[in-house]
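Convention: sequence-line order gives letters A, B, ...; per-chain numbering from 1.
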Amino acid sequence: MERRGFVARVLRNGTVRAALVLAVFLIAWSVLQLGGLSVFLINSWLLLSLPLVLAASGVTLVIFTGEFDLSAAGVVAVTNVLMATWLSELGWLGLPLAVLVGAVVGLFNGFLVVVMRLPAIAVTLATFIILGGLALVILPTPGGRIDPGIIDFFTGQLVVPRSIIFLMVIALLWLLYRNTRMGVHAYGVGQDAEALRLSGVAVDRVKFGVFALAGTLYGLAGAVLAAVVQTGDATIGSSYLLATFAAVAIGGAAFTGGSGSVLGTMLGALTLTVIPKVLFVLGISGWVQRVFEGMLIIAAVLVGAVATQSEQRKVQAVKTTPKVEAPTVSVSGGERP
Amino acid sequence: MSLLQVSGLAKKYGDAIALSGADIEVEAGEIHGLIGENGAGKSTLVKVLSGMVKPDAGDVTIGGEQLRLGHLRASRNVGIRTAFQELTLLPRFTVAENLLVDELPTQLGMLRRRALQSRAADILQEWDVTDIDPSTPAWQLPLSAQQRLEIVRALNGDPRLLILDEPTAALPDTAWIFKHVRAAAERGAAVLYISHKLAEIEELCDLGSIMRNGRIVGQFTRGAFDHDDVISQMIGRSIDIAFPPPLNRVDTSAAPALHVESLAVGEQVVDVSLDVRPGEIVGVAGLEGQGQREIFYALAGATGLTSGRVSLDGQPADLASPRSAMRSGPGVALVPEERKREGLFADMSTTQNISVPILKSLTRFGLVRRRAEQSRSGQAAEEHYIRPDYLARQIGSLSGGNQQKAILARTALTGSSIMLMFDPTRGIDPAAKLEVYKTLREASAGGAAILFYSTEIPELIGMCDRVLVVYGGSIVAELTGSAMTEDAVMRHAVGKTLQEAESI
Amino acid sequence: MTLTPTESLATISRERLSVWSSPGVARPITLILLAVVALFAGRLFSAGLPSWTAAEAILTQSLFVAVLAFGQGLIMLIGGLDLSIPGVVALSATIVALSTSVYGVETWLAVLLALIASALVGLLDGYLISRFKIPAFIVTLAMGGILIGLTIGFTFGRQAPSAPPILIELFSGSGKIFGIGIPIVVFLIVGALGYVIQARSRFGRSVHLFGSSPAAARIAGMPVRRIEVSVYVVGALASGVGGIMLLGFSGNARLSLGDAWLMPAIAAVLVGGTIIGSGFGFWQSTLMATVLLTTITVVIGATGLSQGWKDVLYGVIILIALSFMRRDGGALKRVFAGLRKTQERPAVQSAP
């Protein structure tokens with residue numbers, strides 16, 4: 001009985017669940033890979049994960065606030081092709097510019113959601129489509145050239161493969177962000193925005209900031225993707241729509257907002273990129289991978305939902321913030337008979 | 001010059017008047033009690049002072065300075081702190097984070113967890129809260145600890161005006177809060193203390209005001225607190241409506257249509273037993289949050305019940321969902337509390353709102369027969385005094401009264417003969433109220449068993465055969481005949497035992 | 001409560017007036033007029049426009065958008081979003097094409113199989129969404145991936161199997177009835193059928209009621225779980241039907257068959273004025289929006305714009321539709337109101 005309680009408690013933590021899933025695949029990979037895992041293999045895996053980690057982290061930050069952001073794939077596509085085209089001649093300057101593009105998109109999303117009060121899911125779907133289109137306009141067929149300095153910056157060696165360093169930097173930045181006021185308040189927005197407002201926090205500013213920050217991360221993700229695959233491809237970003245949310249789902253963040261960790265999402269993204277490797281060494285064809293990923297997403301969300309069911313109920317019970325609506329109803333204005 | 005001066009506050013929500021010229025003054029260092037029935041305007045006053053609601057008219061000054069109304073930050077900035085009745089804690093935040101959420105200690109932009117923890121511990125210690133660990137998430141705390149946390153948050157802001165709205169609803173004893181409220185007053189804060197519990201007001205407050213119908217109707221001072229006088233000023237909300245006379249006599253020998261035995265729902269409802277006979281209207285009275293909502297919702301199958309037996313016409317009821325409750329025996333139907341969220345299909349027409357329960361019988365080959373729908377809905381609408389030209393309109397564009405009549409018409413069409421009416425006249429105009437009363441009478445003449453909760457006690461007395469008073473999750477009194485007076489209901493509702501009530 | 005004669009007369013004339021200004025009538029008329037204007041404006045880009053052939057092509061393509069937008073619209077009415085459309089389209093098209101061309105199954109049976117498979121997908125989606133309260137777009141996104149994977153698995157990497165001739169005859173536009181292309185006839189049938197289901201049937205009514213307020217639907221005794229699940233079943237069925245039609249249109253069951261039609265379907269629902277999760281929306285508006293959007297696509301096609309620009313335009317149209325086609329007034333009004341709100345953040349407004 002006690003043991004069951006312990007297991008349940010451990011499973012309630014989304015990051016722990018994600019770590020367990022990743023561990024299973026890593027073990028499988030190391031056992032199955034002929035000749036064992038080499039630094040080269042691991043490096044290529046981590047490198048390929050890096051852009052997904054960045055983009056999915058951005059999505060996670062938005063989900064913490066209880067909103068959705070589907071624009072990640074669009075931003076990744078645009079900045080990816082920008083790095084291969086207009087920005088490729090600018091050398092180093094290309095990187096901050098690509099990131100800036102992402103930030104601008106984030107601000108635009110924030111404006112539509114916070115100021116215009118439009119539903120985030122529809123708004124970001126629209127920006128996703130627009131950006132995907134723009135990417136195609138900028139670079140209709142894959143190609144282009146990435147600044148070699150930037151490629152080397154991300155893929156090179158620095159005692160250990162740089163990919164490891166970058167992942168650690170991302171994790172570190174998350175731990176820092178989590179401890180900023182904005183990071184703390186963002187969680188609060190997802191729990192109960194009205195209560196947070198009554199506690200004296202500028203909720204709209206927090207939301208705006210989170211959308212902008214997320215956009216920044218997508219921009220960076222697109223640039224890193226360009227460096228990793230060493231080419232520009234407008235369609236490469238489209239797989240990110242599924243992949244970012246898959247990473248969040250496996251990472252154990254609640255889609256209702258207010259809880260979870262970017263660390264979990266990072267582990268989720270790493271899991272998603274290790275799955276093909278495991279299936280490859282098993283000689284399983286690509287279609288199984290898609291089926292498998294889809295099922296893993298649903299399973300991860302299901303386990304999360306079931307494991308935290310009772311907790312969720314208690315959390316809901318605390319949300320009894322004073323109601324501000326009027327006792328009577330008027331949906332549309334005008335004459336009231 | 002008083003620290004807080006409120007003059008002429010007025011606020012209307014649609015047809016419902018929440019505040020109509022409320023004036024109140026509280027000196028620095030004064031603990032000012034505020035009492036009044038449900039709907040008297042207390043909570044709207046609290047919301048105005050806290051900046052949540054912008055009034056239609058009126059002024060508030062704090063320390064002689066005009067308060068910018070309807071602005072959360074402005075209210076905070078002048079030092080108004082409120083402990084809300086419905087808590088504003090963030091459930092997944094720790095106690096420490098909840099305490100310091102608006103002034104998180106940071107260094108170079110980074111949260112100093114240790115400082116947060118120790119500051120929170122200091123705060124808790126300062127306010128004598130020794131049994132709460134600052135690192136516990138709020139959702140893991142028992143309700144009483146959550147309530148204390150809410151109060152500490154307000155106290156800790158070093159408020160100039162401290163507002164406590166029903167702060168003892170979940171507190172087992174008052175010694176702790178009284179000590180700190182007094183201390184705050186001694187430090188020069190003005191305190192507005194809102195409570196249903198007269199004994200608390202009497203013990204704690206220097207001065208007090210009684211609210212009714214959106215304004216202050218009486219004052220009392222320490223030492224001159226006369227329960228009878230206060231109660232009589234609280235009640236007597238002006239309802240200048242003659243209640244329609246009963247159309248039927250209740251057969252008191254008839255078996256109850258609704259029989260409830262030892263009902264318990266969570267922590268809110270402890271042990272409730274009641275009977276409602278066919279043709280009877282049984283009133284339920286109680287101040288806010290005494291478990292009445294949970295009783296109604298559990299009986300309608302809308303929320304689960306913890307334990308207890310419910311039978312309908314002698315058969316055990318299936319209360320798994322509102323749908324099964326409706327189909328169980330003679331059927332139970334609920335007129336819900338939150339009209340907008342739980343009652344209305346705002347964008348749909350009145351006809352479509354009414355016809356919901358009979359859709360199946362209106363269907364032929366999978367299609368809704370619109371003629372039949374219009375005539376059946378129209379008939380039900382007519383019986384509920386809804387003008388025919390409202391039928392085609394979006395119900396969201398109608399007045400609250402018409403919306404409520406449509407919901408009553410829908411409830412009637414469910415064919416359920418047990419009706420649970422939760423505050424059906426809230427916020428609707430007098431003419432619509434009268435029509436609601438009439439439909440209640442007609443339904444009961446038709447043999448319906450009606451359980452009727454209202455925040456307006458005169459309404460219960462005017463309409464009901466019996467009134468049950470709930471307090472703290474159980475029924476503390478059943479009043480019938482001439483014992484059914486506003487005064488008696490209010491006495492029980494504010495938590496006085498039967499003996500006490502009789503001895504006064 | 002009796003009406004005086006003048007009163008009732010006034011009411012009646014107001015009613016009559018309001019029929020034309022009601023969103024269920026005014027919007028579809030506006031949209032179709034806009035489509036006609038757009039078609040004539042195509043003259044600016046191409047000498048071939050407007051033409052009967054172009055109009056025929058527009059209505060033919062509108063058919064596919066309309067079928068998919070029907071299911072998407074129902075799902076959006078209750079607050080969901082179906083991203084599995086490409087998956088279901090590919091699955092159903094592949095089932096039909098594969099079983100007829102490779103296994104020699106009768107076409108009608110193959111179609112039936114495809115529809116059953118689609119319905120099962122919807123059933124699973126709906127169950128997961130309604131039982132575990134998982135956001136619909138996550139479930140459908142994952143499900144779409146699974147279905148594409150399964151479809152690749154079915155075909156074993158073969159060349160895309162080809163459509164049975166009867167479907168090509170029906171949906172490629174080559175077949176005619178009384179000189180009118182069959183897809184256009186089907187478009188009209190779909191339009192009528194969609195109207196009957198969404199606006200006239202008990203099922204459609206339940207969807208509107210549930211979308212309008214799940215809590216009120218539950219209190220009123222409606223079978224809310226069953227309604228929610230059935231919306232996803234019907235949504236997936238619509239996608240399955242769309243897949244079969246697209247199979248006939250394109251001739252073979254490519255995996256990417258449905259990809260290009262997801263966004264137009266969502267856009268049509270939004271441009272048609274359906275408000276996500278409100279129970280508020282009219283099929284006739286969605287239908288006319290499909291025509292408008294397809295017309296715009298064709299006209300842009302005439303300008304020689306690339307696919308990229310078309311996507312950009314779609315996104316912009318969705319954004320504009322979102323901000324302008326709301327019940328609470330125009331976008332500008334909202335921008336100003338919104339700006340004021342963020343500047344001083346007044347009180348949470350009491351009565352909205």
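- Ile129(A) and Gly315(C) make their closest contact through CG2-N, 4.0 Å (heavy atoms, listed as atom of the first residue, atom of the second, distance).
- With rounding to the nearest 0.5 Å, the separation of CG in Leu118(A) from CD1 in Ile276(C) is 10.5 Å.
- No part of Leu147(C) comes within reach of chain A, as not one of its non-hydrogen atoms sits under 4.5 angstrom from that chain.
- Summarising the geometry, atom CG belonging to Leu136(A) is positioned 11.5 Å from atom NZ belonging to Lys310(C); distances are rounded to the nearest 0.5 Å.
- Scanning all heavy atoms of the two residues, the minimum distance from Leu319(C) to Leu112(A) falls at CD2-CD1, 3.7 Å.
- Rounding to the nearest 0.5 Å places CZ of Phe137(C) at 10.0 Å from CG of Leu125(A).
- Neither the backbone nor the side chain of Ile138(A) comes within less than 4.5 Å of any heavy atom in chain C.
- With chain A as partner, the option from Ile134(C), Ile266(C), Asp311(C), Ile148(C) having the largest number of non-hydrogen pairs under 4.5 angstrom is Asp311(C).
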Q: Verify side chain to side chain contact (heavy atoms under 4.5 Å, CB included) between Trp287(A) and Leu255(C), making sure each step is shown before the conclusion.
A: CA-CA 12 Å; Trp287(A) 67 271; Leu255(C) 275 178; over 6 Å; no

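- Note: Ile121(A) leads Val306(A), Ile121(A), Thr127(A) in heavy-atom pairs under 4.5 Å with chain C.
- Ile297(A) touches chain C through its side chain: at least one heavy atom from C-beta onward sits under 4.5 Å away, while N, CA, C and O do not.
- Shown here is Arg254(C), whose CZ atom has more than 12 heavy atoms of other residues, nucleotides or ligands within 6.0 Å.
- The part of Ala305(A) that comes within reach of chain C is its side chain, from C-beta onward, which places non-hydrogen atoms under 4.5 angstrom from that chain.
- Atom-to-atom distance recorded for Ile130(A):CD1 and Tyr314(C):OH is 13.5 Å, nearest 0.5 angstrom.
- Considering only heavy-atom pairs separated by less than 4.5 Å from chain C, the leading option among Val288(A), Val123(A), Leu302(A) is Leu302(A).
- Contacts between Leu81(C) and chain A at a heavy-atom distance below 4.5 Å involve the side chain alone, from C-beta outward.
- Looking at Phe128(A), only its side chain comes within 4.5 Å of chain C, counting heavy atoms on both sides.
- At a 4.5 Å heavy-atom cutoff, the contact between Leu128(C) and chain A is made by side-chain atoms alone.
- In this structure, Ile298(A) and Met143(C) approach most closely via the heavy-atom pair CD1-CE, 4.2 Å.
- Between the CG atom in Leu83(C) and the CG atom in Leu241(A) there is a gap of 6.5 Å [rounded to 0.5 Å].
- Heavy atoms closer than 4.5 Å to chain C are found nowhere in Val248(A), neither backbone nor side chain.
- Partners of Glu293(A) by side-chain contact (heavy atoms from CB on, under 4.5 Å), not counting sequence neighbours, listed by chain and number: Leu272(A), Ile275(A), Gln289(A).
- Within the model, atoms CG of Leu70(A) and CG of Leu141(C) stand 8.5 Å from one another, a figure rounded to the nearest 0.5 Å.
- More than 12 heavy atoms of other residues, nucleotides or ligands lie within 6.0 Å of CZ in Phe132(C), so this atom counts as buried by the packing criterion.
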